[in-house]
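Working notes, beginning with the structure itself.
Letters A, B, ... mirror the listed sequences (proteins, then strands); counts begin at 1.
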Amino acid sequence: MSYKEKIARRAAAEIAPGQVVNLGIGIPTIIPRFIEPDFPVVVQSENGILGMGLPTVRGLEDRNLIDAGGSYVSILPGASFFDSALSFALIRGGRLDIAFLGALEVSETGDLANWIIPGKYAPGIGGGMELAQKARRVVVTTTHTTRDGRPKILRECTLPLTAKACVHTIITELAVMAVTPSGLVLRELAEEIGVQEVLEKTGVPLTVPKGTIPVF
Amino acid sequence: MSYKEKIARRAAAEIAPGQVVNLGIGIPTIIPRFIEPDFPVVVQSENGILGMGLPTVRGLEDRNLIDAGGSYVSILPGASFFDSALSFALIRGGRLDIAFLGALEVSETGDLANWIIPGKYAPGIGGGMELAQKARRVVVTTTHTTRDGRPKILRECTLPLTAKACVHTIITELAVMAVTPSGLVLRELAEEIGVQEVLEKTGVPLTVPKGTIPVF
Amino acid sequence: MIDKTCQWERLDRYFADGQTVMIGGFGVPGTPFLLIDALLNSGASGLTLVKNEANEDHMGISKLIETGRARKLITSHLGLNATVIGMMNRGEIEVAFYPQGILAEKIRAGGAGLIGILTDIGIDTILKTEKQIIEVHGRPAIVEPALRGDISLIHAAVADTMGNLIYEKSARNFNPLMATAASRVIAEAERVVPAGELDPDHIHTPAAFVDHVVPIPRLTEEYGVLAHHVV
Amino acid sequence: MIDKTCQWERLDRYFADGQTVMIGGFGVPGTPFLLIDALLNSGASGLTLVKNEANEDHMGISKLIETGRARKLITSHLGLNATVIGMMNRGEIEVAFYPQGILAEKIRAGGAGLIGILTDIGIDTILKTEKQIIEVHGRPAIVEPALRGDISLIHAAVADTMGNLIYEKSARNFNPLMATAASRVIAEAERVVPAGELDPDHIHTPAAFVDHVVPIPRLTEEYGVLAHHVV
């Protein structure tokens with residue numbers, strides 16, 4: 001299992017029965033692989049779908065049925081289609097239980113930066129800002145560090161924010177961390193990962209609760 | 001034919017083929033009687049109908065199909081139903097060609113007062129303010145004077161306005177008048193009505209064009 | 001499979017004194033008469049009601065108002081309800097009027113997580129009194145804050161068990177707007193079908209907005225054709 | 001009977017230099033490729049385009065942009081179009097980005113005859129720079145003015161001859177919003193049926209919003225499944 005799959009599998013466990021969730025681009029798109037087929041969850045897509053299922057079986061693609069990332073998808077019984085205004089009404093109006101989002105940087109107070117690197121990467125805003133700011137819970141799925149090994153979890157984001165104080169939980173290939181009023185708290189460790197490694201690769205103090213840390 | 005029917009019949013002649021119109025309460029509701037069955041007009045109702053037809057034939061009323069005044073109505077081929085937000089989007093967004101409205105008072109500059117008599121009559125606002133302010137044309141259908149003979153067409157309205165400078169045409173049991181940048185202009189006279197009577201019953205100067213005034 | 005169907009007996013727990021309650025309908029069509037009765041029977045009082053109009057005397061939300069259960073009514077027009085107009089004139093209920101389409105937009109904005117809308121409707125009238133006015137591109141605009149409820153009571157023609165709703169004809173009106181604009185959305189439905197039976201392109205209110213679906217056992221007389229409106 | 005069907009050859013007269021053109025679609029679904037070709041062939045230039053994204057390189061509105069016909073693009077995200085991102089970075093086209101749902105709301109507000117909307121989206125980000133900010137009930141709100149076009153180009157699955165439109169699945173997206181928000185609304189339709197054939201409860205865009213319906217003779221390759229998006 002790749003590190004992305006590990007993160008996605010752990011992220012899937014965040015979903016409570018009956019919740020409405022949105023899966024951002026990147027790692028979140030593979031979360032559905034780790035949801036049991038009969039688990040009651042409703043997946044929303046910004047382009048106007050509620051009740052998305054798995055990616056379409058090859059050869060059965062429907063030219064009118066893609067997700068917000070452009071992939072051909074299937075729908076489940078009870079699905080509905082709607083326009084872009086209603087789609088974001090759902091997001092901003094408080095009916096989205098969890099947004100799973102990728103990150104360039106996350107701060108210890110839950111600020112999220114994931115849409116722009118000035119001068120380098122500026123493809124636009126998309127739906128991410130509304131998802132980050134208005135989902136009832138934001139779960140960030142990300143590698144713990146950048147490709148060149150620098151921490152992505154920082155005291156303060158250096159990149160322009162997507163939304164302030166929006167992240168509730170961070171899931172990486174090393175750990176699950178919660179954003180709390182008293183800072184980041186280690187909740188779980190990945191298999192075969194030690195506390196020390198996580199502390200070293202995190203750019204901010206991380207509270208380690210007493211007792212055994214659960215492993216995922 | 002009653003004076004209301006005369007006004008309604010003349011009002012019906014204001015509609016050009018293909019137009020979208022809204023019929024306010026009172027005299028406007030009887031306009032459809034004077035539209036030829038095959039004349040292409042689309043009647044909108046604020047409660048979410050486009051393509052209304054005549055009142056329902058007695059005994060065939062549909063409990064789910066009323067107009068904004070509460071009367072049971074029929075629909076024509078090509079009709080559609082929608083919510084109250086879209087219904088007023090259509091009105092405010094410039095897709096309503098004519099609103100036919102009643103009046104308590106109209107000013108010579110086209111101000112309309114028809115929703116409140118402070119201390120006496122204040123049932124609310126309804127859709128009238130949006131119809132008056134945003135229809136592409138507002139045609140007022142009204143008796144020329146109040147029940148006690150005072151002019152309804154005034155230099156300035158004394159009652160709180162519904163909308164300012166919104167009325168294009170006034171149709172009464174005596175005359176058809178246009179609101180123009182240089183004041184009110186007499187366009188047509190009702191059968192057997194003389195210019196003098198109209199001038200006397202109008203509370204403001206009325207320009208009478210040279211030549212024969214058409215009769216309706 | 002998610003199942004939001006709910007029995008009438010369970011509704012009591014959702015109602016409380018002082019709530020803001022949005023109620024669908026424009027006249028009889030779309031008014032959730034049985035949910036209104038449930039609210040009435042719950043005993044909740046001090047309510048703020050949001051509805052296009054107050055139904056007609058002794059019907060629908062007029063019953064809540066006549067029994068003194070509503071502190072305030074946010075509405076558009078009361079032309080067909082002399083009883084409530086009388087109560088308003090005697091100061092027995094506070095009434096806030098909005099242009100019909102602006103009321104719709106305020107509710108929609110609440111549902112859409114907006115802070116409000118900017119409009120010029122009423123800009124030259126007494127309506128602008130006590131409104132916040134700003135300038136946008138050199139043009140005056142009335143600020144109309146978004147409106148949300150604690151509860152919305154919705155009438156649907158068809159629902160599925162997951163909470164997708166379809167309305168019929170002119171019974172749609174304010175229902176789909178209010179179904180987005182409250183913390184708890186309760187829909188009564190004339191017919192409830194299993195999830196998957198409705199065409200996803202025909203659904204008017206997607207399931208995520210709806211918390212409870214209550215099947216209507218039998219349409220009562222109030223839902224029928226009103227004899228005095230038959231011409 | 002009103003008949004808004006229109007032949008492709010007649011479209012030329014509706015296009016002009018400098019127009020603001022709204023174009024439906026989110027990716028391939030709902031993008032009116034043939035209407036975009038008609039606009040391209042008309043020779044109109046100096047256009048301001050409004051679309052969720054710029055399609056992908058060499059497809060849809062990317063063709064208009066790549067041929068230098070658009071002065072400005074109002075959009076949400078260009079992640080799948082490196083060509084247009086390159087042109088933007090070289091200053092060959094002006095691009096204004098909005099959060100996707102706020103772009104939708106601005107267009108909807110234009111269609112609904114509002115002056116604008118008030119939102120807190122982006123209030124703690126660089127987005128608020130150069131925005132008008134007001135306070136509503138003690139809370140900061142970004143003023144987002146309404147957006148309208150001279151023309152909207154819409155793709156419908158089914159239209160009737162009067163101009164009622166029905167969209168299919170995720171091809172709905174921005175189409176019903178843009179269909180309310182321009183002085184002239186042109187819809188291409190995969191199937192055109194006589195007025196009266198569509199269920200009035202299933203119509204997504206009522207006829208009054210639509211000026212012209214152009215029947216699609218045959219769906220071209222661009223409307224099909226994109227091989228590089230098949231997993």
Side-chain angles (χ1 to χ4, degrees), chain A residues 25 29 45-49 52 54-73 75 79 81-92 111 113 115-116 118-119 121-134 159-166, chain D residues 24 26-30 52-54 56 75-82 84-85 88-89 95 97-105 107-109 111 119-127 157 167-178 204-205 219 223-231:
Chain A
I25 50 170
T29 57
S45 183
E46 299 97 295
N47 58 329
I49 310 174
M52 262 197 329
L54 291 171
T56 314
V57 174
R58 200 177 184 117
L60 295 180
E61 293 83 10
D62 181 331
R63 68 185 166 88
N64 284 320
L65 186 42
I66 62 171
D67 66 15
S71 301
Y72 295 96
V73 293
I75 54 165
F81 300 112
F82 34 85
D83 67 41
S84 297
L86 193 68
S87 194
F88 281 89
L90 193 158
I91 293 167
R92 290 189 311 262
D111 295 355
W115 72 284
I116 190 170
Y121 169 82
I125 305 167
M129 209 169 266
E130 287 154 281
L131 288 164
Q133 196 175 330
K134 294 295 186 178
L159 295 170
L161 296 189
T162 304
K164 209 173 164 67
C166 64
Chain D
F26 189 124
V28 165
N52 175 60
E53 81 306 320
E56 299 186 33
T75 189
S76 172
H77 201 275
L78 302 176
L80 295 176
N81 194 322
V84 172
I85 290 181
M88 169 181 77
N89 290 341
V95 178
F97 287 116
Y98 291 96
Q100 197 165 96
I102 298 304
L103 180 61
E105 287 293 328
I107 296 165
R108 188 195 166 278
T119 177
D120 61 354
I121 294 298
I123 196 80
D124 294 319
T125 75
I126 57 170
L127 235 69
Y167 311 101
E168 195 175 317
K169 298 175 184 160
S170 68
R172 193 178 322 178
N173 54 68
F174 281 76
N175 278 300
L177 310 173
M178 291 176 168
H204 296 132
T205 293
L219 288 173
Y223 291 93
V225 168
L226 287 180
H228 62 282
H229 280 299
V230 171
V231 281

Could Arg63(A) and Glu168(D) be called an ion pair, given the rule that one side-chain N must be under 4.0 Å from one carboxylate O?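 A salt bridge is absent here (no side-chain N lies under 4.0 Å from a carboxylate O).
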
[atom1]-[atom2] distance between [X] and [Y], expressed to the nearest 0.5 angstrom:
X         : Y         : atom1 : atom2 : result
Asp83(A)  : Leu177(D) : CG    : CG    : 4.5 Å
Met129(A) : Ile121(D) : CE    : CD1   : 8.5 Å
His77(D)  : Trp115(A) : NE2   : CH2   : 9.5 Å
Phe88(A)  : Leu103(D) : CZ    : CG    : 9.5 Å
Phe26(D)  : Asp67(A)  : CZ    : CG    : 8.5 Å

Apply the test side chain to side chain contact (heavy atoms under 4.5 Å, CB included) to residues Ile123(D) and Gln133(A): give CA-CA distance (whole Å), side-chain angles for both, the deciding distance (0.1 Å), then the verdict. CA-CA 10 Å; Ile123(D) 196 80; Gln133(A) 196 175 330; 4.2 Å; yes

Between chain D and each of [options], count heavy-atom pairs under 4.5 Å; write down the option with the most.
options                         : answer
Ser45(A), Ala85(A), Gly48(A)    : Ala85(A)
Phe82(A), Tyr121(A), Phe81(A)   : Phe81(A)
Gly126(A), Gly128(A), Pro160(A) : Gly126(A)

For chain A, find which of [options] contributes the most heavy-atom pairs closer than 4.5 angstrom.
options                                    : result
Val230(D), Leu78(D), Ile85(D), Ile126(D)   : Val230(D)
Gly122(D), Gly224(D), Pro176(D), Ser170(D) : Ser170(D)
Ala104(D), Ala171(D), Pro99(D)             : Pro99(D)

Engaged part of Leu226(D) at the chain A interface, taking heavy atoms whose separation is under 4.5 Å: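 Contact with chain A involves both backbone and side-chain atoms of Leu226(D).
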
Name the region of Tyr167(D), side chain, backbone, both or neither, that has any atom closer than 4.5 Å to a heavy atom of chain A.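 Tyr167(D) has no heavy atom closer than 4.5 Å to chain A.
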
Test item: Glu61(A) side-chain N/O and Val225(D) main-chain N/O as donor-acceptor pair under 3.5 Å: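 Checking the backbone N and O of Val225(D) against the side chain of Glu61(A), no donor-acceptor pair under 3.5 Å is found.
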
Look only at the side chain of Thr125(D) and the backbone of Leu161(A), and say whether a donor-acceptor pair between them is shorter than 3.5 Å.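 No: the side chain of Thr125(D) does not pair with the backbone of Leu161(A).
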
Side-chain contact, heavy-atom cut-off 4.5 Å: [X] with [Y]?
X         : Y         : value
Tyr72(A)  : His229(D) : yes
Gln100(D) : Ile125(A) : no
Asp120(D) : Lys134(A) : yes
Ile102(D) : Arg92(A)  : yes

Check each atom of Ala79(A) against the heavy atoms of chain D and say whether the ones under 4.5 Å are side chain, backbone, both or neither.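 Answer is neither: Ala79(A) stays 4.5 Å or more from chain D.
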
Stepwise, does the side chain to side chain contact (heavy atoms under 4.5 Å, CB included) test hold for Asn52(D) with Ser84(A)? CA-CA 10 Å; Asn52(D) 175 60; Ser84(A) 297; over 6 Å; no

I need the single residue from Ile75(A), Ile66(A), Asn64(A) that forms a side-chain contact (heavy atoms from CB on, under 4.5 Å) with Lys169(D). Which is it?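 Single side-chain contact (heavy atoms from CB on, under 4.5 Å) partner of Lys169(D) among Ile75(A), Ile66(A), Asn64(A): Asn64(A).
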
